[in-house]
Peer 1: 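Here you go, one structure.
What you see below is based on every heavy atom in this structure, not just the backbone, and it leaves out hydrogens, waters and symmetry mates. By convention in this document, chain letters (A, B, ...) are assigned in the order of the sequence lines, proteins followed by strands, and residues within each chain are numbered from 1.
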There are 2 protein chains.
Amino acid sequence: MTSSPGTPEPFATQERATGRATITDVARVAGVSVATVSKVVNGRYGVAAATAERVLGVVADLGYESSLVARSLRRRQTNVIGVLVAEFEPFSTELLKGISAAIDGTGYELLAYCGDAGRSDHVGWERRSLSRLAGTLIDGVVIVTPTLALPVHEGVPIVAIDPHTGPTGPATVDSDNLGGARTATEHLIALGHTRIGYLGGRSDLESARLRELGFVEAMTAAGLTPDPSLVLEGGYRPDRSDRPTHDLLERADRPTAVFAANDLSAIHVIQVAQELGLRVPEDLSVIGFDNVPEAAASTPPLTTIAQSLHEMGAEALRMVIAMLESGTTASKHTRLPTRLVERASTAPPPAA
Amino acid sequence: MTSSPGTPEPFATQERATGRATITDVARVAGVSVATVSKVVNGRYGVAAATAERVLGVVADLGYESSLVARSLRRRQTNVIGVLVAEFEPFSTELLKGISAAIDGTGYELLAYCGDAGRSDHVGWERRSLSRLAGTLIDGVVIVTPTLALPVHEGVPIVAIDPHTGPTGPATVDSDNLGGARTATEHLIALGHTRIGYLGGRSDLESARLRELGFVEAMTAAGLTPDPSLVLEGGYRPDRSDRPTHDLLERADRPTAVFAANDLSAIHVIQVAQELGLRVPEDLSVIGFDNVPEAAASTPPLTTIAQSLHEMGAEALRMVIAMLESGTTASKHTRLPTRLVERASTAPPPAA
DNA sequence: CTGAAAGCGCTAACAG
DNA sequence: CTGTTAGCGCTTTCAG
């Protein structure tokens with residue numbers, strides 16, 4: 001299989017040009033036209049057995065594999081599903097695990113793309129990534145937490161996970177954010193907390209708005225009035241929640257509990273609290289949202305609201321594939337339940 | 001910006017053909033040639049300011065963004081780095097998080113590809129993915145746990161993480177697997193265990209061979225003789241380690257502790273043990289390897305050997321970029337340290 | 001300053 | 001059964 005003595009080598013220099021063998025290289029070495037090679041490689045009829053065999057031999061020798069790029073430009077489908085994310089962090093990678101598990105056996109391949117080089121604050125990343133890839137590189141798209149109205153690309157199935165604007169427009173998959181936030185708040189209230197801080201997510205995401213609403217609703221339902229100065233925005237990211245977290249914890253009348261809109265910022269709250277000499281949960285209770293694996297790894301382990309992240313990813317993938325195979329674009333909206341996961345970061349408030 | 005009254009719409013139908021606007025659409029609407037559009041979009045000199053402005057307006061109106069595929073076919077570089085994995089599971093996604101964090105500010109974009117639709121047992125996935133993407137779609141490659149000799153693609157920088165055959169050939173990044181395995185074993189021995197089972201990884205991976213060697217060395221150094229019937233292969237995957245795990249735990253003279261070659265199979269050992277009515281760590285101690293976030297989330301939390309997964313990914317990315325920018329292919333080999341993370345899955349053996 | 005034309009690697013008619 | 005041709009969307013000489 002490796003370059004045997006019989007393999008013609010006269011064109012070796014040219015083959016090296018780009019670093020990989022092209023269909024032209026195969027054709028030349030096999031002494032046939034590129035069209036024939038293409039037919040053989042794609043298993044089309046109309047090629048003599050002997051020819052096919054010879055071509056296949058050369059293909060093996062040269063380690064040829066058709067370029068996804070070139071093929072995709074010519075054909076209208078690539079059999080790859082794209083997952084567009086702003087960044088690879090615990091939330092998107094959990095979805096990815098679910099998608100990856102679900103793609104097994106479907107015959108599709110997976111391509112996760114992160115444009116704008118990690119600059120997740122760069123608005124418009126989703127539209128840009130979509131334009132660059134959809135319709136050429138990928139047949140269908142799962143897009144994670146888009147914050148823009150998606151320009152409905154006709155012909156390219158799109159499913160949005162946790163989109164900026166709830167179940168509307170394109171197909172979506174999300175969680176019961178309102179109910180989950182209510183549950184989180186009720187948990188804190190049941191523990192005896194009355195002065196509760198809320199560290200919000202990104203106001204441009206429906207999930208963040210619903211979580212805040214759930215917080216306020218649960219407080220109100222319990223006869224408590226949320227202190228507006230205790231409701232801050234943390235952007236779902238530690239680097240952006242650091243300031244508001246300090247604001248929350250350094251004030252004299254600091255809350256006895258904080259509900260952070262996602263695990264990453266909740267974990268950061270715990271760290272900041274500890275730097276400030278506060279014990280969690282004795283001095284401060286903290287609850288998060290998401291239940292990414294990291295939540296269990298914090299010290300103390302984080303109490304949180306679990307979303308079925310793997311299932312959300314898997315469902316989004318199934319929806320894309322269904323749209324692909326049926327040709328329809330009926331925009332379905334799936335909402336998954338959430339549940340409370342009690343760990344060690346919440347406890348009754350200090351007796352004081 | 002959005003289609004204003006002045007925007008010519010006569011070709012709207014054609015624009016919709018593939019679902020996205022192409023450079024041709026922009027050229028037609030702007031009333032210039034595609035060459036001019038290309039120059040404007042790429043900021044080349046030699047375009048009248050007025051023309052450029054008009055083109056940019058149309059670009060904005062149509063939401064045009066050049067196709068990664070078409071551009072990549074024409075130019076020789078795309079500014080995207082590819083991460084090739086067999087599957088998105090905790091190990092590869094941890095690396096991905098590190099890579100994603102490290103790419104910030106480099107100007108490169110990230111593309112993680114999983115060929116063969118999750119069929120990680122399909123040998124040759126790495127060669128196939130490489131041939132399909134390298135040299136066309138991506139400028140450089142980080143490849144995770146390849147099990148084949150990589151056909152050194154001239155001109156395409158490749159860095160392998162945890163490769164099948166240690167620091168040799170192409171650039172690599174790995175951990176001190178030997179030392180880590182020794183540490184894990186010594187931890188168990190220090191606790192008083194003498195009858196220790198070893199659930200290995202994939203024998204086609206250097207990491208797995210080194211971990212087994214470390215286990216044997218540490219046992220021997222402590223004057224213990226590893227029972228060959230207690231040394232099984234688990235393939236690093238729960239679905240493949242299930243059988244050997246049962247074999248290990250169901251025998252009358254079962255070990256009092258198990259060292260599993262990675263966290264995923266260690267967590268599975270805990271689950272199987274509990275199904276069998278064994279208490280962890282009272283009846284059985286379990287230690288893993290990797291320290292993926294999931295390790296802390298198991299019940300009980302898993303004691304394990306931590307690899308600096310994020311750092312490994314970041315380092316691999318840095319190496320690829322360095323090769324890209326310098327044009328050199330000096331194959332560097334980076335090895336990172338490991339450390340013991342004690343949690344609750346290990347304890348002294350039952351008094352019996 | 002602008003456009004026509006060639007070509008990246010590949011596939012799909014269509015001739016021979 | 002095989003090869004020639006055209007063209008996917010884009011960039012890049014090279015003429016005008």
Side-chain angles (χ1 to χ4, degrees), chain A residues 14-15 17-55 59 62-79 131-139 155-156, chain B residues 14-15 17-55 59 62 64-79 131-139 155:
Chain A
Q14 287 197 39
E15 282 166 26
T18 99
R20 65 180 280 281
T22 71
I23 196 174
T24 309
D25 297 322
V26 175
R28 192 175 38 211
V29 174
V32 296
S33 73
V34 296
T36 300
V37 176
S38 176
K39 283 172 195 152
V40 172
V41 168
N42 294 292
R44 301 272 181 275
Y45 288 107
V47 179
T51 310
E53 199 178 339
R54 179 154 42 95
V55 170
V59 165
L62 265 39
Y64 169 75
E65 198 70 52
S66 78
S67 158
L68 214 210
V69 162
R71 162 180 300 206
S72 128
L73 194 53
R74 189 60 239 257
R75 310 229 295 192
R76 272 324 181 176
Q77 59 134 307
T78 57
N79 252 272
S131 292
R132 300 194 61 177
L133 307 188
T136 35
L137 228 206
I138 54 188
D139 292 348
V156 182
Chain B
Q14 288 198 39
E15 280 164 30
T18 98
R20 65 181 278 280
T22 71
I23 196 173
T24 310
D25 297 322
V26 175
R28 193 176 37 213
V29 174
V32 295
S33 73
V34 297
T36 300
V37 175
S38 176
K39 283 172 196 153
V40 172
V41 168
N42 294 291
R44 299 272 180 276
Y45 288 107
V47 179
T51 310
E53 200 178 337
R54 179 156 38 97
V55 171
V59 165
L62 265 40
Y64 169 76
E65 198 71 52
S66 78
S67 156
L68 215 209
V69 162
R71 163 179 297 206
S72 130
L73 194 54
R74 189 59 239 256
R75 311 227 299 193
R76 273 324 183 175
Q77 57 135 309
T78 57
N79 252 274
S131 293
R132 298 195 64 180
L133 306 189
T136 34
L137 228 207
I138 54 189
D139 292 347

Peer 1: Is the phosphate of C:dC10, meaning OP1 or OP2, less than 4.0 Å from a side-chain N or O of A:Y64?
Peer 2: yes
Peer 1: Roughly, in whole Å, what's the span from CG in B:N79 to P in D:dT11?
Peer 2: 13 Å
Peer 1: Contact class for A:V69 (heavy atom, under 4.0 Å): base, sugar-phosphate, or nothing?
Peer 2: nothing
Peer 1: What is the minimum heavy-atom distance between B:A27 and B:V37, and which atoms define it?
Peer 2: CA-CG2, 3.6 Å
Peer 1: How far does the helix from C:dC1-D:dG16 to C:dG16-D:dC1 bend, going by the axes of its first and last five pairs, to the nearest 10°?
Peer 2: 50°
Peer 1: Using only side-chain N and O atoms of A:R20, determine if any of them is under 4.0 Å from OP1 or OP2 of C:dC8.
Peer 2: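 A:R20 to C:dC8 OP1/OP2: no side-chain N or O under 4.0 Å.
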Peer 1: Shortest non-hydrogen contact from A:D139 to A:R76?
Peer 2: OD1-O, 4.1 Å
Peer 1: Nearest to the A:S66 side chain among D:dT2, D:dC8, C:dC10, which nucleotide is it?
Peer 2: C:dC10
Peer 1: Roughly, in whole Å, what's the span from CD1 in B:I23 to P in C:dC8?
Peer 2: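 After rounding, the reported distance stands at 18 Å.
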Peer 1: Taking only the side-chain nitrogens and oxygens of A:T51, find out if one of them lies under 4.0 Å from OP1 or OP2 of D:dT2.
Peer 2: yes
Peer 1: Using 0.5 Å steps for rounding, measure from the OH atom of B:Y64 to the CZ atom of B:R20.
Peer 2: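 Answer for the OH-CZ pair, B:Y64 versus B:R20, is 6.5 Å.
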Peer 1: Look at the side-chain N and O atoms of A:S33 and state whether any lies under 4.0 Å from the OP1 or OP2 oxygen of D:dG3.
Peer 2: yes
Peer 1: Any idea which of C:dC10, D:dC10, C:dT2 is nearest the A:R71 side chain?
Peer 2: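 Comparing C:dC10, D:dC10, C:dT2 against the side chain of A:R71, the answer is C:dC10.
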Peer 1: Please tabulate the protein-to-nucleotide N/O contacts below 3.5 Å involving nucleotides 12-16 of chain C, giving atom names and distances.
Peer 2:
from	atom 1	to	atom 2	distance (Å)
C:dA12	OP2	A:R44	NH2	3.2

Peer 1: Take the protein atom CG of B:L73 and the nucleotide atom P of D:dT12, then report the distance between them rounded to whole Å.
Peer 2: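 Whole-Å distance recorded here is 13 Å.
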Peer 1: Can you measure B:Q77 atom CD to D:dT12 atom P for me and round it to whole angstrom units?
Peer 2: 10 Å
Peer 1: Distance check needed: D:dC8 C1' versus A:L68 CG, whole Å only.
Peer 2: 15 Å
